[in-house]
Every structure is written in C-alpha cells, then in structure tokens.
Chemist: 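One structure, pasted below without further comment.
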Amino acid sequence: MSAGGTSSPAAILVTGDLMFASRVTAAGQRTGVPVAIALGIDALGEQLAEGAPKLVVLDLTTPRLDVSTVVERLRAAQGAVPTVIAFGPHVQEQMLAQATAAGCDRVLARGQFNAQMDDLLRRYAGG
C-alpha cells in the first residue's frame, strides 16, 4: 500500500494500527514523501523487496515486532542503509529504551512522533 505510485517508497511505516497508518500516509501526501505501509513485520520484508527506502519507521506496538532483529537486518542489507525511527507509548519506558539499545537512529514517544511526523518525513525521506 504505497502513497506515491509504483516506484519504491521513500519511507516505510511498520505498524498494526490502520488508523495511525492513514495519518502517516496523509503526512506523506502533504510532504510529497511516498510512504508505504507494512501492516506487520511480515509485510516489511515484502516492502523491502521492492526497493530500499530512505526511512523506516517502527511502531513499537506492532505485534511480533523484534526491534533488534529488524534494525540488524536493515543494517546488514546491501546498499544505502535507511534511517530508522521508532516510536511507542511514553509510559512504556522499557520498550523505548530497548529501541535505543537496538540501534534506532531516533526513538520518540508516540505523541512526539505524531507532532513531528511531517518534519521527520521531510528531513529523513524527502528529496
């Protein structure tokens, strides 16, 4: 599900939350950044097979998401390595700390990501 045609997306959001996915897709349309939605960890592999994005955004509440494994896989891939941003509930401090320890480039509370998503998409996946 790409918001920018058939070419590789500039950003991929991994989430299980369709409502939030639609907000990120809308932000992609506002900023001119094609965003693909991977509804779950299995869908991420399918999206990555289509091409390397500049940005991968991980919703830490995605079922079966092992952030360490995902970051390791992205870092081991051939070619350009995407920026990895993770977000989760601010009350889940351990979850956020695990994402930092796993090597995510940025780790934000969900509210922070929501407030900054247009800027983050432009900065890390734009032009």
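Everything numeric here is computed off the predicted structure, so don't read it as measured data. Computed from heavy atoms alone, side chains included, the values below leave out hydrogens, waters and symmetry copies.
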Chemist: Hydrophobic cluster membership, with links at side-chain heavy-atom distances under 4.5 Å among I/L/V/M/F/W/Y: are Met19 and Leu65 in one?
Modeler: no
Chemist: How many angstroms lie between CZ in Arg106 and CD in Gln112, if you round to the nearest 0.5 Å?
Modeler: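 With rounding to 0.5 Å, CZ (Arg106) is 8.5 Å from CD (Gln112).
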Chemist: For the residue pair Val57 and Ile12, establish whether any side-chain heavy-atom pair is separated by less than 4.5 Å.
Modeler: no
Chemist: Kindly write out the residues that satisfy ring pair (Phe, Tyr, Trp, His ring centres under 6.0 Å) with Tyr124, not counting sequence neighbours, or none if the list is empty.
Modeler: none
Chemist: Could you pull out the closest heavy-atom pair between Val107 and Cys104, with the gap in Å?
Modeler: CG2-CB, 3.8 Å
Chemist: Answer yes or no: is there a side-chain heavy-atom contact under 4.5 Å between Leu48 and Arg73?
Modeler: yes
Chemist: Can you tell me how far CG of Leu55 sits from CZ of Arg122, rounded to the nearest 0.5 angstrom?
Modeler: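 If we round to the nearest 0.5 Å, Arg122:CZ and Leu55:CG are 13.5 Å apart.
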Chemist: Residues in salt bridge (Lys or Arg N to Asp or Glu O under 4.0 Å) with Arg30, at least two apart?
Modeler: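 Scan of Arg30 (salt bridge (Lys or Arg N to Asp or Glu O under 4.0 Å), adjacent residues dropped) gives Asp118.
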Chemist: Check the pair Leu108 / Leu120 against side-chain contact (heavy atoms from CB on, under 4.5 Å), numbers first and verdict last.
Modeler: CA-CA 11 Å; Leu108 304 166; Leu120 293 168; 3.6 Å; yes
Chemist: Donor-acceptor pairs under 3.5 Å, side chain of residues 89-98 to any protein atom, not counting sequence neighbours: which ones?
Modeler:
none

Chemist: Go through the structure and list residues passing salt bridge (Lys or Arg N to Asp or Glu O under 4.0 Å) with Arg110, not counting sequence neighbours.
Modeler: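 Salt bridge (Lys or Arg N to Asp or Glu O under 4.0 Å) check on Arg110 returns Asp17, Asp59.
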Chemist: Return the minimal non-hydrogen interatomic distance between Thr15 and Thr62, and the atom names on each side.
Modeler: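 Closest approach of Thr15 to Thr62, heavy atoms only: CA-OG1, 3.2 Å.
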Chemist: Classify the ring geometry of Phe113 against Phe20: parallel below 30°, tilted from 30° to 60°, perpendicular beyond 60°.
Modeler: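 Aromatic pair Phe113/Phe20 classed tilted.
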Chemist: Looking at residues at least two apart in the chain, or sitting in another chain, which of them share a side-chain hydrogen bond (donor to acceptor under 3.5 Å, both in side chains) with Thr69?
Modeler: Asp66
Chemist: Looking only at heavy atoms, what is the nearest atom pair of Leu60 and Ala99, with distance?
Modeler: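 Scanning both residues completely, I find the closest heavy atoms to be CD1-CB, 3.8 Å.
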Chemist: For Ser68 and Ala102, work out which heavy atoms get closest and say how close.
Modeler: OG-CB, 3.6 Å
Chemist: Does Arg75 come within less than 4.0 Å of Asp105, counting only side-chain N to carboxylate O?
Modeler: yes
Chemist: Check Gly126 against Lys54 and note the closest heavy-atom contact, atom names and distance.
Modeler: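 Smallest heavy-atom distance, with atoms named: O-NZ, 3.3 Å.
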Chemist: Please tabulate, one pair per line, all N/O donor-acceptor pairs under 3.5 Å involving side-chain atoms of residues 35-42, not counting sequence neighbours.
Modeler:
{"from": "Asp42", "atom 1": "OD1", "to": "Arg64", "atom 2": "NH2", "distance (Å)": "3.1"}
{"from": "Asp42", "atom 1": "OD2", "to": "Arg64", "atom 2": "NH2", "distance (Å)": "3.1"}

Chemist: Return the minimal non-hydrogen interatomic distance between Ala11 and Ala125, and the atom names on each side.
Modeler: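 That would be CB-CB, 4.1 Å.
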Chemist: Which distance, rounded to the nearest 0.5 Å, do you find between the CG of Leu74 and the CD of Glu72?
Modeler: 10.5 Å
Chemist: At what distance, to the nearest 0.5 angstrom, does CG of Leu13 lie from CG of Leu58?
Modeler: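 The CG atom of Leu13 sits 8.5 Å away from the CG atom of Leu58.
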